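Right, one structure below, let's go through it.
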Amino acid sequence: MNVQPAASHHFVEVAVPLPLPGTLTYGLPVEWRAIVQVGARVQVPVGRRWLTGVVLELHNRPPPAGTEARQVGEVLDSEPVLGPDLLDLASFVSEYYLAPPGEVLRAMLPSRLVSAGGRIVRLTDRGALALARDDTQRFVLEHLLQHATRTVAELVAAARSAGLDGGRLHVAVRSLADEGKVRIDEAADSRRRLESAVEVQAGDLADLLDRCGRSEKGRAVVELLRALGRPASVRELATEVGCGPGVIQRLVQQGVLRRFTQYRPPSLDRHRLGGDAYRPELNADQRASVGALERALEERRYRAFLLEGVTGSGKTEVYLRALEGVLAAGRGAIVMVPEIALVPALAQALRLRLGERLAVLHSGMGESERAHHWQRLARGEALVAVGARSAVFAPVRELALVVVDEEHDPSYKQDRTPRYNARDLALVRAQRSNAIAVLASATPSLEARQLVSRGRSTRLSLPLRVGSSTLPEGVLVDLRRERFVHRPGEVHFSERLCEEIRAALAGGEQVILLRNRRGYAPILLCRACGEDMRCPECGLPRTLHRRPPGLLCHYCGDRIETPRACPRCGEAALEAIGAGTERVEERFRALFPEVAVDVLDRDTTQRVGGAAAVLERFRTGATRVLIGTQMVSKGHHFPQVSLAAVLSADSYLGFPDFRAVERTYSMLVQLAGRAGRGDRPGKVVIQTHYPDHYAVRAALRHDDAAFATEELRFRRAFHYPPFTRVALLVAQDRHRDRAEKRIEEIAARLAESPLSRGVRVGGPAPAPFERLRGKWRFQLVLRSQSGARLRQLLRELGLHEARSDLVVDVDPQDLL
Ligand code: ADP
Ligand code: ZN
């Protein structure tokens with residue numbers, strides 16, 4: 001790969017963020033030839049638009065005779081935004097997942113960088129007095145004296161109209177920055193807003209309060225500031241005390257407060273919850289695991305580990321120790337968790353132990369904030385990246401360790417192009433950086449278990465919970481024996497469950513209840529005519545929501561108002577069938593009217609305060625019961641929880657998906673893992689219609705080996721992963737027959753290819769969700785012993801994800 005600028009190259013290959021299978025070739029104007037490097041962003045014309053792309057190659061191969069390459073308009077960076085390691089990873093992702101290179105790069109870079117109008121240049125104090133060394137430098141200095149800040153793009157444009165050359169301008173800006181005469185910031189940095197803050201003037205508190213006079217609010221402000229022991233922003237005080245800015249203004253005039261402006265830093269504060277920097281003594285199993293990781297880190301060679309520990313066994317502590325070692329050596333690391341909701345608590349724990357050299361990256365944060373963290377890593381100011389799946393692309397320098405916590409979680413797979421699995425890429429990235437990878441889980445994926453049995457990964461076991469705590473006692477409720485009016489999807493609080501809840505609450509403990517469906521009820525049905533309010537785009541019933549009210553399609557997100565009477569027959573005979581989290585909450589409040597309860601699901605996450613607020617209330621004990629979807633079962637550590645219950649364990653078991661059983665098992669084990677983490681023993685209640693199912697039985701008895709044996713037997717017998725590799729092709733079209741024809745045509749071409757020998761082809765058949773977002777869907781499921789062969793076959797047939805009418809999903813997480 002050519003990374004050096006070479007004035008002799010006349011063409012560049014550019015990946016643009018469009019669904020194209022490859023790169024586009026552009027001519028390079030003379031002025032840019034000494035500037036441009038592989039990995040830099042450029043502005044290029046595509047059709048009638050200008051797009052920002054990334055240069056992947058410099059060369060001298062002219063386009064085929066008769067065609068003419070269009071010219072690069074602007075080179076946005078004089079240094080690569082992506083180093084060779086990340087460019088290399090990008091090309092791997094593009095090939096492996098058959099994804100357009102430009103879309104892969106778009107997924108890797110914070111969007112503020114992708115669509116950047118350019119970096120911002122400002123004069124430093126030194127620059128204001130500096131002498132220019134040539135015309136271009138003089139131009140930059142004078143221009144900045146006049147305008148204070150300018151983007152690079154604006155400087156280039158101005159330089160051009162003054163008859164100077166844009167390439168030289170880049171060189172001049174870079175050398176001025178090296179000499180400390182100008183500062184270059186990502187656009188994101190300058191978006192840190194200034195805000196007004198105040199602190200209490202020095203002096204006697206009684207005296208200061210005296211000066212507040214009769215203003216209650218004024219006194220409250222002063223007292224709060226004293227209690228905080230630090231300055232606070234006006235915004236913060238106004239919300240805490242409930243006063244207007246006028247009150248604070250007056251206190252400043254009275255000399256009680258001192259006012260100043262501060263940067264509102266895009267700090268980690270928003271990503272924190274309470275906690276302290278407790279550093280426990282390791283137990284013997286933890287010591288053995290940490291020792292193995294430390295030895296591997298010293299070797300500076302790739303190795304993979306499966307850190308398999310029961311819930312509450314202190315897995316986090318093991319990788320924290322490894323991280324401490326990495327930082328002490330001045331090297332870098334990536335730590336991933338599956339859910340954005342889990343990032344704050346982990347970031348906080350890491351920050352307390354590792355200090356400020358931490359960057360938080362996930363798609364839920366503001367774009368400028370994300371770009372800021374990304375830059376800190378790229379510049380080496382931060383060494384550890386923490387985040388959800390996209391953190392696998394973090395520009396960490398000197399990568400030594402990649403941790404994938406809860407590696408079994410399907411959220412590591414991205415469900416849109418590029419359809420990468422961050423767990424698998426963690427291994428690839430570690431391998432290419434001579435780093436070590438640690439996959440951690442209480443319920444490892446079958447893929448991770450397979451790596452161990454094939455000798456490609458080393459198992460580190462933590463078979464016991466830390467301290468004196470034990471795994472919770474399992475209680476089975478056979479729903480078939482419950483006497484209640486049974487309706488599909490109905491949620492039932494069995495007598496046994498109610499008893500356990502009462503006992504836990506009476507003991508001053510907390511309870512977690514899992515119902516893996518959000519909203520009020522999965523169906524609103526007209527009893528008179530059978531109308532079930534299907535989404536016309538998806539062909540599936542809409543879910544009834546009450547907060548906020550509406551009928552919501554969970555597949556395309558479309559919302560309509562809840563009708564009072566049936567829109568088809570006009571009868572007022574509408575009935576909510578089944579229960580989601582909102583209805584479970586309603587039922588719970590009816591059964592336990594005095595108990596403080598909260599709901600955690602995707603809907604609450606989107607409200608003000610979001611998941612962090614809900615979790616914080618539960619952590620402090622303000623709420624006693626937490627009801628939620630699978631989000632409640634993942635990774636949290638609440639020592640006061642003694643009871644965890646699933647209202648129905650069967651929500652996945654009926655799905656036509658080979659991973660349904662694995663999902664059920666890990667959901668049950670993870671849920672059980674939330675109970676009894678403190679001093680008192682816990683219980684887990686599982687309500688099910690399938691009490692004899694091996695997943696249910698293994699989860700109840702904490703018999704992980706039994707589950708793995710049974711499940712592997714099933715996978716082997718039916719040729720499913722990890723014994724085969726799968727690729728899923730879904731043709732989708734607004735017209736049913738067009739989608740069907742497309743998939744049949746692909747099936748026919750597959751059958752003809754000699755490469756398809758040894759490939760099992762399922763279908764063509766309608767997808768289990770036959771219509772989504774207005775498109776009919778037909779699918780083919782390909783399975784082969786060899787993943788490489790499968791991808792070769794797809795490539796040979798030109799099947800890549802370059803068109804919206806065909807989904808190509810390599811290693812799909814589900815087949816729906
Ligand atoms: P896991 O991830 O395996 O479910 P955690 O890493 O969350 O478990 O650990 C559970 C709790 O136990 C945490 O609060 C952690 O601080 C604590 N802990 C970990 N190791 C020890 C130890 N050796 N001694 C005492 N407490 C520990
Ligand atoms: Zn829909």
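From a predicted model like this one, the values you see are computed outputs, not experimental measurements.
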Inset, instruction - Test the Arg674-Phe638 pair against the cation-pi criterion, namely NZ or CZ under 6.0 angstrom from the six-membered ring centroid and within 45° of the ring axis. - result: no
Legend entry - Glu745 backbone acceptor or donor facing Arg749 side chain under 3.5 Å: no
Legend entry - For Pro549 against Thr562, the heavy-atom pair lying closest together: C-OG1, 4.2 Å
Inset, instruction - Start with the C-alpha distance between Leu790 and Val810, add both sets of side-chain angles, then the distance that settles side-chain contact (heavy atoms from CB on, under 4.5 Å), and finish with yes or no. - result: CA-CA 9 Å; Leu790 207 51; Val810 176; over 6 Å; no
Inset, instruction - Show your working on salt bridge (Lys or Arg N to Asp or Glu O under 4.0 Å) between Arg449 and Glu711 and close with a plain yes or no. - result: CA-CA 12 Å; Arg449 295 175 201 255; Glu711 184 63 12; over 6 Å; no
Inset, instruction - Determine yes or no for a side-chain-to-main-chain donor-acceptor pair under 3.5 angstrom, with Ser633 supplying the side chain and Gln670 the backbone. - result: no
Inset, instruction - Inspect the contact between Glu495 and Arg502 and indicate whether a charged nitrogen and a carboxylate oxygen are less than 4.0 angstrom apart. - result: yes
Legend entry - Nearest-0.5 Å distance that lies between atom OG1 in Thr581 and atom CG in Leu513: 11.5 Å
Legend entry - Nearest-0.5 Å distance that lies between atom CG in Leu600 and atom CZ in Phe618: 10.0 Å
Inset, instruction - Look only at the side chain of Glu339 and the backbone of Met631, and say whether a donor-acceptor pair between them is shorter than 3.5 Å. - result: no
Legend entry - Pro100 to Thr417 - nearest heavy-atom pair and separation: CD-CG2, 3.8 Å
Legend entry - Check: Gln450 and Leu446 side chains under 4.5 Å, non-hydrogen atoms: no
Inset, instruction - State, to 0.1 Å, how close Phe707 and Ala698 come at their nearest heavy-atom pair, and which atoms those are. - result: CB-CB, 3.7 Å
Inset, instruction - Would you give the length of the straight line joining atom CG of Leu514 to atom CG of Leu647, rounded to the nearest 0.5 angstrom? - result: 7.5 Å
Legend entry - Backbone of Leu574 reached by a side-chain donor or acceptor of Glu531 within 3.5 Å: no
Inset, instruction - Run through Asp478, Val696, Leu479 and flag the one making a side chain to side chain contact (heavy atoms under 4.5 Å, CB included) with Pro691. - result: Asp478
Inset, instruction - State, with a plain yes or no, whether a side-chain heavy atom of Leu772 is found less than 4.5 Å away from one of Arg777. - result: yes
Legend entry - Residues Asp704 and Tyr665: side-chain donor-acceptor under 3.5 angstrom: yes
Legend entry - Side-chain donor or acceptor of Arg583 paired with backbone N/O of Gly578 under 3.5 Å: yes
Inset, instruction - Please lay out, stage by stage, how Leu728 and Val807 fare under the test side-chain contact (heavy atoms from CB on, under 4.5 Å). - result: CA-CA 8 Å; Leu728 172 68; Val807 172; 5.8 Å; no
Legend entry - Heavy atoms of other groups near Arg716 CZ, more than 12 under 6.0 Å: no
Legend entry - Phe658, CZ: over 12 other non-hydrogen atoms inside 6.0 angstrom: yes
Legend entry - Pairing residues for Ala528 by the side chain to side chain contact (heavy atoms under 4.5 Å, CB included) criterion, not counting sequence neighbours: Cys526, Cys569, Glu571, Ala573
Legend entry - Arg389 (side chain) donor-acceptor with Ser411 (main chain) under 3.5 angstrom: yes
Legend entry - Glu407 side chain to Ser445 side chain, donor-acceptor N/O pair below 3.5 angstrom: yes
Legend entry - Side chains of Val511 and Val595 in contact at under 4.5 Å (non-hydrogen atoms): no
Inset, instruction - Compare all side-chain heavy atoms of Cys553 with those of Arg542 and state whether any distance is below 4.5 angstrom. - result: yes
Inset, instruction - Report the C-alpha separation of Ile746 and Leu806 in whole Å, then their side-chain angles, then the decisive distance to 0.1 Å, and conclude whether the side-chain contact (heavy atoms from CB on, under 4.5 Å) test is met. - result: CA-CA 11 Å; Ile746 292 172; Leu806 185 70; 3.8 Å; yes
Inset, instruction - Please say whether more than 12 non-hydrogen atoms of neighbouring residues, nucleotides or ligands are located less than 6.0 Å from CZ in Arg559. - result: yes
Inset, instruction - Please answer whether the main-chain N or O of Asp811 pairs with a side-chain N or O of Lys413 as donor and acceptor at a distance below 3.5 Å. - result: yes
Inset, instruction - Give every residue pair that meets the side chain to side chain donor-acceptor pair (under 3.5 Å) criterion with at least one member in residues 759-772, sequence neighbours excluded. - result: His719-Arg760, Arg736-Glu770
Inset, instruction - Show your reasoning for whether side-chain contact (heavy atoms from CB on, under 4.5 Å) applies to Thr311 and Arg677. - result: CA-CA 9 Å; Thr311 54; Arg677 292 170 78 100; 4.1 Å; yes
Legend entry - Presence of salt bridge, Arg742 and Asp733, under 4.0 angstrom: no
Inset, instruction - Measure the spacing between OG of Ser666 and NE2 of His408 and express it to the nearest 0.5 Å. - result: 4.5 Å
Legend entry - Glu406 versus Tyr412, side-chain donor and acceptor atoms under 3.5 Å: no
Inset, instruction - Answer yes or no: is there a side-chain heavy-atom contact under 4.5 Å between Asp558 and Glu537? - result: no
Inset, instruction - For the pair Glu582 (side chain) and Arg546 (backbone), establish whether a donor and an acceptor sit closer than 3.5 Å, ignoring hydrogens and angles. - result: yes
Inset, instruction - Could you point out which residue of Thr543, Thr629, Asp603 forms a side-chain hydrogen bond (donor to acceptor under 3.5 Å, both in side chains) with Arg518? - result: Asp603
Legend entry - Asp737 side chain to Glu740 backbone, donor-acceptor under 3.5 Å: no
Inset, instruction - Report yes if the side chains of Tyr420 and Val392 come closer than 4.5 Å at any heavy-atom pair, otherwise no. - result: yes
Inset, instruction - Indicate the atoms forming the closest heavy-atom contact of Asp405 with Pro338, along with that distance. - result: O-CD, 3.5 Å
Inset, instruction - Could you verify whether a donor N or O on one side chain and an acceptor N or O on the other, from Arg663 and Gln813, lie under 3.5 Å apart? - result: yes
Inset, instruction - Please answer whether the main-chain N or O of His693 pairs with a side-chain N or O of Arg697 as donor and acceptor at a distance below 3.5 Å. - result: no
Inset, instruction - Classify the ring geometry between Phe718 and Phe714 as parallel (under 30°), tilted (30 to 60°) or perpendicular (over 60°). - result: tilted
Legend entry - Between CG on residue Leu668 and OG1 on residue Thr443, distance to nearest 0.5 Å: 10.5 Å
Inset, instruction - Decide, yes or no, whether a salt bridge links Lys683 with Glu499 under the criterion of side-chain N to carboxylate O below 4.0 Å. - result: no
Legend entry - Cationic N near anionic O, under 4.0 Å, Glu500 to Arg496: yes
Inset, instruction - Answer yes or no: is there a side-chain heavy-atom contact under 4.5 Å between Pro472 and His702? - result: yes
Legend entry - Neighbour count >12 (heavy atoms, 6.0 Å) for atom CZ, Arg564: no
Inset, instruction - Measure from the ring center of Tyr555 to the ring center of Phe769 and say whether it is less than 6.0 Å. - result: yes
Legend entry - Pair Glu586-Arg515, salt bridge (Lys or Arg N to Asp or Glu O under 4.0 Å): steps then yes or no: CA-CA 13 Å; Glu586 180 186 88; Arg515 170 62 186 155; over 6 Å; no
Inset, instruction - Compare every heavy atom of Ala579 with every heavy atom of Val584, then report the nearest pair and how far apart it is. - result: CG2-CB, 4.5 Å
Inset, instruction - Hey, could you give me the CG/CD distance between Leu476 and Gln687, rounded to the nearest 0.5 Å? - result: 9.5 Å
Inset, instruction - Inspect the contact between Arg738 and Asp805 and indicate whether a charged nitrogen and a carboxylate oxygen are less than 4.0 angstrom apart. - result: no
Inset, instruction - Taking all non-hydrogen atoms of both residues into account, name the closest pair between Pro721 and Glu447 and its distance. - result: CB-OE2, 3.9 Å
